[in-house]
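Pasting a structure here, questions to come.
Here is how names work: the chains are called A, B, and so on, in the same order as the sequence lines, proteins then strands, and each is numbered from 1. Quick note: numbers below take in every heavy atom, side chains included, and nothing from hydrogens, waters or symmetry partners. The structure presented is a predicted model; accordingly, all values stated were derived computationally and were not measured.
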Amino acid sequence: MKDSRIPLRSRGTAAVLAFLLPGAGHLYQGRRFKAAVFSGCILSTFVCGLVLGEGQPVYSQVVHVPGPMRSPAQLHSGRISTEWSLGYYAQVFVGLPALPALVQTWRFSHPSNVPGRVAGAVDEPFAGNLIMTAADGEQSVVRVQGRLRLGPTSGDRTEGVFSGTDAGGSAVELEVDGSVTLGRPVFGAPGRMVRCQVRGNGRFLGGRLDGTISRRFVDWFQAPRDNLELDRLHATLSQRFDIACVFTWIAGLLNVMAIWDAFDGPAYGYGDESDEDDGKSADA
Amino acid sequence: MRCSAAAGNQAAASWETGPVDVRNLTHDLFRNGRLLMPAIVYAVPLSLSISLVYCATRYELPQKIVRSAMAMFARILAGMAAIYGLLTILSW
């Protein structure tokens, strides 16, 4: 509703600014109280969602690996498919705070973003499973954590050392020798998957380490992820992840109303109409 | 090292997550001596935020916005409390 007392200035510019940053359009129009309400409420709701979901409720695409077996998309070098996340259609209206997801989608789909070998030296904290195979085919699986040092690589072989402890607190020291596969550089999970062959010891012929090392923040924040990672989030954060998603969706939807307010003014009027008029308009 | 082929399959499927702590999937009020936030509590600031933004898009006068937002906030809380109470009685 237009009112001569409300300075809408250039309505299109105000709407674009309101989209880019909640409250910015109203600040441009000189409507400071509303700018404070919109930026304070919408941005705090969005940030609360991000904090509750440990930075991970915003992503534009979900990655699917074809085939009946669900293998991690991080390590899958073949064809993958993606679909848009429905929640992102709401989140995107928060503007700039949610737009990195589109940049990450572009980075994710770049041909260079594939699982690969170790390019340089790796020295990172590692957590995962050690799977050893004995001569009779029996498999032993233990959860380990420690430090993984990899490099140099010659051909298909990478040398390295894992030193850490198993779930029982016993020291584990293993030599990495063989192929090492690192997960995609850009992927929506803070842990970058690693699969590497390790030398046998004692009655074990050999085995492999399956686990994760850290991934740079700029490589996982708002990036596409697969259902395996979403399952992990639900397992670790439980209902908190769902609540976090709801917060970010609502923040985006609230900004749709704020954008329209910057473009066309308040829906019911200035607010100084008589209560009788106000009641009628509200009922309508 | 514990040996199990079944465990091997499980490990290959679960990757880095390790065993899921089922306590994370419960709705305990206390865990390890710490007060956990019941999920319903998150609805309070969210409702306040929704009320303020909604009413700010209806009116221009700050007093009118705040007054109508508080009324809307109270109505939402009362409505949620009524539904919460009803569901509690039904699940007794």
Tell me whether A/Q145 at atom CD has more than 12 heavy atoms from other residues, nucleotides or ligands lying less than 6.0 Å away. no
Nearest heavy-atom contact between A/K34 and B/T57 is NZ-CA, 4.5 Å
Supply the atom-to-atom distance B/L61 CG to A/F33 CZ, rounded to the nearest 0.5 angstrom. 10.0 Å
Apply side-chain contact (heavy atoms from CB on, under 4.5 Å) to residues B/Y54 and A/L254 and explain how you reach the verdict. CA-CA 8 Å; B/Y54 178 82; A/L254 288 177; 5.7 Å; no
Which value, rounded to the nearest 0.5 Å, describes the distance between A/I250 atom CD1 and B/L46 atom CG? 4.0 Å
Using heavy-atom distances under 4.5 Å, tell me whether B/L48 contacts chain A through its side chain, its backbone, both, or neither. neither
Against chain B, work out which of A/T45, A/D242, A/I42, A/I243 has the most heavy-atom pairs shorter than 4.5 Å and name it. A/I243
Find the distance between OH (A/Y268) and CD (B/E60) and round it off to the nearest 0.5 Å. 15.5 Å
Tell me if the CZ atom of A/R147 is crowded by more than 12 foreign heavy atoms within 6.0 Å. yes
Between A/L253 and chain B, which part of the residue has a heavy atom less than 4.5 Å away: side chain, backbone, both or neither? neither
With a 4.5 Å limit on heavy-atom distance, are the side chains of A/V246 and B/Y42 in contact? no
Take atom CZ in A/F241; do more than 12 heavy atoms of anything else shown fall under 6.0 Å from it? yes
Can you confirm whether A/P266 sits close enough to B/R58 that some side-chain heavy atom of one is under 4.5 Å from a side-chain heavy atom of the other? no
Could you measure the distance from the CZ atom of A/F247 to the OG atom of B/S49? Nearest 0.5 Å is fine. 8.5 Å
Is it the side chain or the backbone of A/R31 that comes within 4.5 Å of chain B heavy atoms, both, or neither? side chain
side-chain contact (heavy atoms from CB on, under 4.5 Å) for B/Y59 and A/D272? Distances and angles first, verdict last. CA-CA 9 Å; B/Y59 306 106; A/D272 56 356; over 6 Å; no
